[in-house]
Visitor: 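Before I ask anything, let me first share the structure, which is written out below as structure tokens.
As the structure is a prediction and not an experimental result, all values here were calculated from the model. Each chain gets a letter, A, B and so on, in the order the sequences are listed, and its residues count up from 1.
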Amino acid sequence: MSKTKLVIAGNGMVGHQFLQSLADSGRLHDFDVTVFCEETRLAYDRVHLSAYFSGATAEDLAMGNADTYRNWGLTVLTGETVTGIDREYKSVTTDKGRELSYDKLVLATGSYPFVPPVPGHDRPQCLVYRTIDDLDAIAAAAKNSKIGTVVGGGLLGLEAAKALTDLGLETHVVEFAPRLMAVQLDNGGGAMLRQKIEALGVKVHTEKNTQLIDAGEQCFHKMNFADGEVLETDLILFSAGIRPRDELARQNGLEVGERGGIVINNVCQTSDPSIYAIGECALWNKQIFGLVAPGNQMAKVALSHLLDGSDSFTGADMSTKLKLMGVDVASIGDAHGNTPGSRNYTFVDERAEVYKKLVVSEDGKILLGAILVGEAEQYGTLLQYMLNGIHLPEYPDTLILPNRGDDKQTGLGVAALPETAQICSCHDVSKADVRMALDSGCCTLADVKGATKAATGCGGCSALLTDLVNHELEEMGVEVNRDLCEHFPYTRQDLYNIIRIEEIHSFDELLEKHGRGHGCEICRPAAGSILASCWNDYILTENNVSLQDTNDTFMANMQKDGTYSVVPRVAGGEITADKLIVLGQVAKKYNLYSKITGGQRVDLFGARLEQLPDIWQELIDAGFETGHAYGKSLRTVKSCVGSTWCRFGVDDSAGLAIDLENRYKGLRAPHKIKFAVSGCTRECAEAQSKDIGVIATEKGWNLYVCGNGGMKPRHGDLFATDLDRDTLIRYIDRILMFYIKTADRLQRTSVWMENMEGGLDYLRQVIISDTLNLAEELEQQMDHVVDTYQCEWKTTLEDPQALKRFRHFVNSDAPDSNIVFVEERQQIRPATPQEKAEIQAEPIKLVS
Amino acid sequence: MTTHAHWTAVCSQNKLVPDSGICALIDDQQVALFYVKKEQAVFAIANHDPFSQANVLSRGLIGSKGDNLFVASPVYKQHFCLKTGRCLDDETTQIQTWPARIENGLVEVFF
Ligand SMILES: Cc1cc2nc3c(=O)[nH]c(=O)nc-3n(C[C@H](O)[C@H](O)[C@H](O)COP(=O)(O)OP(=O)(O)OC[C@H]3O[C@@H](n4cnc5c(N)ncnc54)[C@H](O)[C@@H]3O)c2cc1C
Ligand code: SF4
């Protein structure tokens with residue numbers, strides 16, 4: 001069968017979703033796909049566009065990826081616009097003069113910002129806010145501007161205003177309507193929002209109709225309003241609504257709406273059945289959907305139709321929740337009470353600047369809409385009431401009245417939700433989907449997020465999802481038992497607090513006071529780690545030794561044959577020639593297999609237990625220290641050479657890396673911790689894949705947290721930007737100690753973050769705004785660990801008692817005859833069982 | 001091969017590490033010895049880990065599961081009962097054990 005020729009115009013968010021769904025369907029091989037992408041960049045996350053001004057790069061925002069597309073076998077042409085369609089011959093032409101025939105054509109051309117045709121609108125420094133290129137232009141224009149003005153006080157306009165304040169401009173918002181966010185909010189909500197935003201320094205001008213833009217006296221522009229007033233500004237951003245990009249449809253006689261938009265049916269076909277339209281360019285039932293979730297839905301429906309499936313588009317809910325300049329705003333359903341007979345409940349707290357409104361049906365049983373400004377915690381619950389027509393409680397006002405703590409939370413029980421209830425709208429995940437994920441083996445929140453993608457979009461549904469997952473697990477009889485193990489009826493966090501508060505210094509004391517039995521391989525190392533994090537005593541004291549895994553006991557990493565590997569610390573990966581020679585000499589003398597690690601140091605394998613002290617004596621004599629490669633502790637701080645050598649470097653990344661490694665070396669934590677420091681945004685040290693990543697900027701250091709490589713890679717979150725060195729270190733102190741205080745056993749920072757209620761914002765509040773009043777304590781705790789650092793190998797070599805354990809046999813000097821090596825690529829490796837049998841296990845000679 | 005099993009002195013008591021293990025060589029056999037503080041008792045089991053084929057059980061962590069005292073293999077973490085040698089994770093696997101005691105400051109194994 002010959003392949004269907006599929007042409008796609010537009011590679012924005014929805015165009016990308018279409019390709020992703022096609023790949024997920026496993027049917028790529030049935031199609032010959034060509035994608036035209038007008039922008040020079042492949043699809044990126046427009047929803048989070050503003051993050052570009054707070055440190056995110058174009059790569060961070062990228063959704064489409066050239067390699068992935070290539071692997072999928074797509075032909076993708078960037079910087080090329082479809083300019084014409086010949087419906088009779090079924091072909092498209094482009095601005096590069098290309099002509100290409102299609103069997104099916106998908107229009108995913110999105111929309112463009114509407115710029116009112118005011119005289120002067122085309123002056124320089126009059127810009128819009130839609131693409132990364134737009135943002136670059138804004139940033140450039142902002143450099144020589146003092147005042148910036150946004151035309152349009154809607155959702156996007158306010159986001160643009162935030163961007164201008166971030167760029168350091170005095171910011172004005174000019175709105176034609178009498179209030180902000182006129183579509184989503186009523187007068188009360190709009191007024192509250194205005195009050196809060198003005199308190200943040202943005203000047204709001206409502207009921208202003210711009211009639212002319214010309215040259216200003218103090219500033220570059222002067223805006224002249226119909227009421228005679230004027231406003232001088234250096235930069236103007238138009239955000240006066242969007243218009244569908246339907247020009248291709250118009251040229252070719254496809255049906256378009258009165259006010260624009262390519263008309264589509266329930267399967268997203270245009271008036272020509274070979275042509276589909278999806279996303280913001282499409283008009284369904286006289287409606288344009290300016291959000292990504294309905295667009296994605298259309299992409300899936302159009303694809304389903306192409307693949308002979310039966311999905312159909314049935315409209316979408318346009319409720320929204322967002323944070324505008326730190327202000328929570330939400331609008332649900334019929335927020336204006338347009339439904340005949342509807343009744344309102346409102347709650348206003350002028351001191352806390354909170355406005356809430358419920359719109360209910362005439363009989364008071366059904367929620368029709370809601371507005372929340374200043375606090376939007378109830379968004380998830382209210383949305384579910386509205387979407388599912390669930391009967392309201394007897395006194396619906398309890399849903400918006402503040403909970404003073406003495407009465408039970410009136411949130412909607414997740415049990416009441418129907419199976420079809422949509423939990424995550426960004427990724428269209430229903431309650432049934434979540435239950436299915438749990439049935440097929442997911443048993444934690446993180447698992448469910450991974451399997452369904454729920455709560456990984458805008459994050460608005462995290463609280464609801466958490467409740468649902470916990471509830472379902474309990475229903476399934478999975479006791480959500482968070483006890484550490486059978487010996488302690490506590491979580492790791494509880495034990496940490498107990499040990500701190502009661503100043504417990506030994507496992508025996510902990511077990512006697514709070515546990516039972518003998519302990520086990522779970523609670524012993526967990527307690528050992530907590531004791532070390534808190535008090536930082538030598539890990540092989542009589543009290544501590546029985547808590548350590550074999551790696552910690554012998555301060556080396558046990559390999560599959562019972563031998564160990566040795567990794568001395570090479571802070572920041574910087575090493576002198578002399579030290580490098582010592583490593584070589586030691587490796588040679590003890591016949592060790594040598595390998596360079598990913599953390600920029602050297603791993604020496606094949607050391608027998610009894611050799612470890614001799615090896616370490618030589619290393620310590622040469623100035624090395626233990627590298628803690630065996631511990632759940634700080635491993636390495638990887639770095640690039642930075643500004644010292646690199647022609648791109650903007651700061652001394654290697655120097656900082658060495659200081660950081662020396663500061664945190666020996667710190668024990670719930671799991672291993674890796675750092676990296678890059679000298680510029682080229683990011684050669686791969687800092688964004690580390691627990692703590694630092695990248696030099698022109699103005700200081702950007703701090704990324706909770707990244708991970710390994711089995712479940714996770715990009716670090718940009719935590720703070722342009723920090724000076726002291727602030728950077730204090731933030732890291734606090735973050736690490738807060739992690740040690742609150743993480744589960746063996747929980748990497750990435751999973752810790754994924755499971756943290758409130759996520760990155762919450763962590764910022766704790767660490768930067770110090771909302772828990774913990775900062776000082778955390779810093780002191782870290783200072784204690786830093787001040788009490790010791791090289792454990794040095795201490796051990798000075799302690800004859802501890803050294804006694806470094807023998808294979810307590811009653812013989814013989815080595816373990818089971819350890820046999822053969823040679824491969826000029827080095828040793830453990831013999832396989834067959835090889836062992838052949839060699840007849842003659843003990844290899846000890847090097848004295 | 002020994003014909004008559006008897007109490008064999010292995011090492012002095014102070015070589016034991018409380019709640020942890022050491023390894024002794026008895027008649028060419030590797031024997032892991034554990035001293036459990038709360039029970040004030042010493043246990044002797046084979047040092048060979050049947051899952052990893054490495055001689056390392058003496059380097060495992062000890063603990064209890066219900067009433068069973070165990071050592072967890074440091075390689076793949078299976079639990080072996082200190083009293084019976086049974087693997088608590090796999091019924092078909094059992095390792096050798098020997099009676100052990102402390103007499104006059106010496107650790108003795110009935111071998
Ligand atoms: C600042 C900002 C914040 C937003 N915040 C949110 C939010 O919080 N929540 C939400 O749901 N939505 C939000 N949106 C809206 C969301 O980004 C859009 O709904 C979504 O991007 C629509 O996807 P699309 O693929 O239809 O259009 P687009 O993403 O605009 O993609 C269309 C692409 O097609 C290209 N194109 C057009 N014509 C052609 C042609 N003839 N040939 C080739 N290529 C062509 C365009 O250059 C463009 O790259 C926001 C938008 C902006 C700008
Ligand atoms: S990250 Fe920047 S400074 Fe460091 S090596 Fe790469 S290009 Fe140079």
Visitor: Tell me if the centroids of the rings in A:Trp793 and A:Phe806 come within less than 6.0 Å of each other.
Guide: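 Yes, the ring of A:Trp793 comes within the 6.0 Å limit of the ring of A:Phe806, centre to centre.
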Visitor: For the interface with chain A, which of B:Gln53, B:Lys15, B:Glu39, B:Gln30 has the highest count of heavy-atom pairs at distances below 4.5 Å?
Guide: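 It is B:Gln30.
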Visitor: With a 4.5 angstrom heavy-atom cut-off, is it the side chain or the backbone of B:Ile22 that approaches chain A, or both, or neither?
Guide: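 Just its side chain gets close to chain A.
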Visitor: Quick check on the interface: out of A:Thr553, A:Thr563, A:Asn551, A:Thr550, who has the most heavy-atom pairs with chain B under 4.5 Å?
Guide: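 Top option by heavy-atom pairs under 4.5 Å: A:Thr550.
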Visitor: With a 4.5 angstrom heavy-atom cut-off, which part of A:Asp561 approaches chain B: side chain, backbone, both or neither?
Guide: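 The answer is the backbone of A:Asp561.
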Visitor: In terms of side-chain geometry, is the basic nitrogen of B:Lys37 or A:Glu542 positioned less than 4.0 Å from the acidic oxygen of its partner?
Guide: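 Looking at B:Lys37 and A:Glu542, the cut-off is not met.
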Visitor: Picking from A:Gln559, A:Gln548, A:Arg516, which has the most non-hydrogen pairs under 4.5 angstrom with chain B?
Guide: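 That would be A:Gln548.
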Visitor: Does any heavy atom of chain B fall under 4.5 Å from the side chain of A:Glu521, the backbone, both, or neither of them?
Guide: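 It is both, since atoms from each part get that close.
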Visitor: Below 4.5 Å from any heavy atom of chain A, which atoms of B:Val17 appear? Answer side chain, backbone, both or neither.
Guide: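 Contact with chain A is through the side chain of B:Val17 alone.
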Visitor: Determine, stepwise, if the pair B:Phe111 / B:Trp98 fulfils ring pair (Phe, Tyr, Trp, His ring centres under 6.0 Å).
Guide: CA-CA 7 Å; B:Phe111 208 87; B:Trp98 296 270; 5.1 Å; yes
Visitor: Can you name the closest pair of heavy atoms from B:Lys65 and B:Leu88 and give their distance?
Guide: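 In this case the closest contact between B:Lys65 and B:Leu88 is CD-CD1, 4.1 Å.
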Visitor: For B:Ala24, is it the side chain, the backbone, both or neither that has a heavy atom under 4.5 Å from a heavy atom of chain A?
Guide: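 Both parts, backbone and side chain.
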Visitor: Within the structure provided, determine whether A:Leu609 and B:Arg59 are in side-chain contact (heavy-atom separation under 4.5 Å).
Guide: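 Yes. Closest side-chain heavy atoms under 4.5 Å.
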Visitor: Does the distance from a Lys or Arg side-chain N to an Asp or Glu carboxylate O, for A:Glu610 and A:Arg807, drop under 4.0 Å?
Guide: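 Looking at A:Glu610 and A:Arg807, the cut-off is not met.
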Visitor: With only heavy atoms counted, which part of A:Asp508 is less than 4.5 Å from chain B, the side chain, the backbone, both or neither?
Guide: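 Interface part for A:Asp508: side chain.
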Visitor: A quick test of your reading: do over 12 heavy atoms of other residues, nucleotides or ligands sit less than 6.0 Å from CD of A:Glu512?
Guide: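 For A:Glu512, atom CD is not crowded (no more than 12 foreign heavy atoms under 6.0 Å).
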Visitor: Testing A:Tyr590, A:Tyr564, A:Tyr593 for ring-ring contact (aromatic ring centres under 6.0 Å, His included) with A:Phe605, which one passes?
Guide: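 It is A:Tyr593; the other options fail the test.
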Visitor: Taking 4.0 angstrom as the limit, do A:Arg668 and A:Asp552 come out as a salt bridge?
Guide: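 The answer is yes: the pair qualifies as a salt bridge.
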Visitor: Sort A:Ile522 into side chain, backbone, both or neither according to what part of it lies under 4.5 angstrom from a heavy atom of chain B.
Guide: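 Contact with chain B is absent: no heavy atom of A:Ile522 under 4.5 Å.
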Visitor: Flag the one option from B:Ile62, B:Leu69, B:Leu61 with the top tally of heavy-atom pairs under 4.5 Å to chain A.
Guide: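 Heavy-atom pair counts peak at B:Leu61.
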Visitor: Looking at B:Leu25, B:Val31, B:Leu33, B:Val10, which has the largest count of heavy-atom pairs under 4.5 Å with chain A?
Guide: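 With the most close heavy-atom pairs to chain A, the winner is B:Leu25.
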Visitor: Is it the side chain or the backbone of A:Val545 that comes within 4.5 Å of chain B heavy atoms, both, or neither?
Guide: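 Side chain of A:Val545 only, per the 4.5 Å heavy-atom cut-off to chain B.
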Visitor: Select, from B:Ser58, B:Ala54, B:Gly21, B:Cys23, the one with the greatest count of heavy-atom pairs under 4.5 Å involving chain A.
Guide: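 Of the candidates given, the most pairs with chain A belong to B:Cys23.
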Visitor: Please test A:Thr597 against A:Asp603 for side chain to side chain donor-acceptor pair (under 3.5 Å), starting from the C-alpha separation and ending with a verdict.
Guide: CA-CA 6 Å; A:Thr597 71; A:Asp603 205 340; over 6 Å; no
Visitor: So which part of A:Ser812 gets closer than 4.5 Å to some heavy atom of chain B, the side chain, the backbone, both or neither?
Guide: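 Contact with chain B: side chain only.
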Visitor: With a 4.5 angstrom heavy-atom cut-off, which part of B:Asn47 approaches chain A: side chain, backbone, both or neither?
Guide: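 The answer is the side chain of B:Asn47.
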